[in-house]
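Pasting in a structure now, in structure tokens, and then I'll have a few things to ask.
Every heavy atom of this structure was used, including side-chain atoms; hydrogens, water molecules and symmetry mates were not.
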2 protein chains.
Amino acid sequence: MPKSFLGEFEQMVLLGILQRGDTAYGIDVRKEIEKSAGREVSRGAFYTTLDRMEAKGYVKWKTAAPVTGRGGMPQRLFRVTPAGKRALRASRKALLTLWRGLDEVLG
Amino acid sequence: MPKSFLGEFEQMVLLGILQRGDTAYGIDVRKEIEKSAGREVSRGAFYTTLDRMEAKGYVKWKTAAPVTGRGGMPQRLFRVTPAGKRALRASRKALLTLWRGLDEVLG
DNA sequence: GAGTGCGGGAATACATTGTAGACTAGATGA
DNA sequence: TCATCTAGTCTACAATGTATTCCCGCACTC
């Protein structure tokens, strides 16, 4: 039994990585989240969360040669570990259970 | 545009209240969450969160005469405000968007 | 009718997450 | 070679999540 749930933002970051599949570069993931969630995500917030989740074993990453024509430092390519997916499943299950039957109330 | 999302736990509390409809007494809501989420919720965590959400205008409450045969202080009967529902909808929308297409990955 | 156990709740304190802002460093091109 | 663009890092602080401990009033019991 997990000590606690995934935070809301952590969850979004994890899902953003999965959405991008094999091209989960930091920036792309960030854009994915901004698009889906409809709000800005600062770099600081984003990478801090990522590093903390790495410490918890939910994500891993490796550097990749800069792909873009322009640009700077080696990019980080992320992926979600099995533990991360497990945590995601647990969070989703709990939320779905609570949402059940509330569709009309919530519109 | 909300400054930030609802936390995971806040969301659960709000949903728990809605689930209980007109009988959203503190204790009942807490049990509801424990059942759905499959983990314990300490009283402290629960009421602290509730009070903070009251400050943000997401919930309101009034006291109700003690209904139970046994025991104590007037209970608090909660309800979610329109602002609370709006916040809930926004969180759900963002999460659903991110979950889209990941069912097989997440099993 | 004082002592005690119990059901709710409040207060307090601390750990974990969320977020912003300023800062670094490699690549490009005028 | 310097301005500037991109991707990422660091630091500090605010907001949320959580456990612990305390309080209060009822009703039971003797």
Does any N or O donor sit under 3.5 Å from an N or O acceptor when you compare the side chain of A:R52 with the base of C:dG18?
->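 Checked by distance alone, the answer is yes.
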Roughly how many Å is it from CD in B:E8 to P in C:dT16, rounded to a whole number?
->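 Value for this atom pair: 17 Å.
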To the side chain of B:T48, which of C:dA20, C:dT12, D:dA7 is closest?
->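 The closest nucleotide is C:dT12.
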Nearest-nucleotide comparison on DNA chain C, the residue closer to the 5′ end among B:K31 and B:A45 =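 Looking at DNA chain C, the more 5' nearest nucleotide goes with B:K31.
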Rounded off to whole Å, could you give me the CZ-to-C1' distance for the B:F46 and D:dT16 pair?
->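 Nearest whole value for this atom pair: 16 Å.
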Do A:L88 and A:L18 come close enough that some side-chain heavy atom pair is under 4.5 Å?
->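 A:L88 reaches A:L18 side chain to side chain.
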Nearest-Å distance, CG (A:D28) to P (D:dG8)?
->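 Going from CG in A:D28 over to P in D:dG8 covers 9 Å.
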B:E34 CD to D:dA19 P, straight-line distance once rounded to whole Å =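 Answer to the nearest Å: 10 Å.
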Provide, to the nearest angstrom, the distance between the CZ atom belonging to B:R76 and the P atom belonging to D:dC24.
->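 After rounding, the gap between these two atoms is 17 Å.
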Side chain of A:S42 (C-beta onward), nearest among D:dT16, C:dA20, D:dT20 |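 Comparing D:dT16, C:dA20, D:dT20 against the side chain of A:S42, the answer is C:dA20.
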For A:T97 and B:S36, which heavy atoms make the closest approach, and how far apart are they?
->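 In terms of heavy atoms, the two residues are closest at CG2-CB, 3.6 Å.
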Could you check how far CD of A:Q75 sits from P of D:dC5, rounded to whole Å?
->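 It is 18 Å, rounded to the nearest whole Å.
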D:dT9 phosphate, OP1 or OP2, under 4.0 Å from A:Y47 side-chain N/O =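 Result: no.
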Tell whether B:R43 reaches the base of C:dG8 with its side chain through a donor-acceptor pair below 3.5 angstrom.
->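 Answer yes: a donor N or O sits under 3.5 Å from an acceptor.
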Would you name the heavy atoms of B:R30 and B:R43 that are closest together and state the gap between them?
->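 B:R30 and B:R43 have their closest heavy atoms at NH1-CG, 3.1 Å.
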Name the nucleic acid region contacted by A:G7, choosing base, sugar-phosphate or nothing; use a 4.0 angstrom heavy-atom cut-off, strictly under.
->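 Touches sugar-phosphate only.
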Considering heavy-atom distances to DNA chain C, does A:T49 or B:D51 have its closest nucleotide positioned more toward the 5' end?
->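 Of the two residues, B:D51 wins.
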Compare side-chain N and O positions of A:R30 against OP1 and OP2 of D:dT6 and report whether any pair is under 4.0 Å apart.
->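 False: A:R30 side-chain N/O out of range (4.0 Å or more) of D:dT6 OP1/OP2.
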Closer than 4.0 Å, any side-chain N/O of B:K56 to the OP1 or OP2 of D:dA15?
->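 Negative; the distance criterion is not met.
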Whole-Å distance separating the CG atom of B:L14 from the P atom of D:dG17 |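 In whole Å, D:dG17 P and B:L14 CG are 11 Å from each other.
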Select base, sugar-phosphate, or nothing to describe what B:F9 touches, counting heavy atoms under 4.0 Å on all strands.
->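 Sugar-phosphate contact only - B:F9 comes under 4.0 Å of backbone atoms but never of a base.
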Over 12 non-hydrogen atoms of neighbours within 6.0 angstrom of NZ in A:K56 =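 Above 12, so yes.
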Spacing of B:L50 atom CG relative to D:dG17 atom C1', expressed in whole Å =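 One finds 14 Å between C1' of D:dG17 and CG of B:L50, rounded.
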Parallel, tilted or perpendicular, as decided by the 30° and 60° cut-offs, for the rings of A:F46 and A:F78 |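 Perpendicular.
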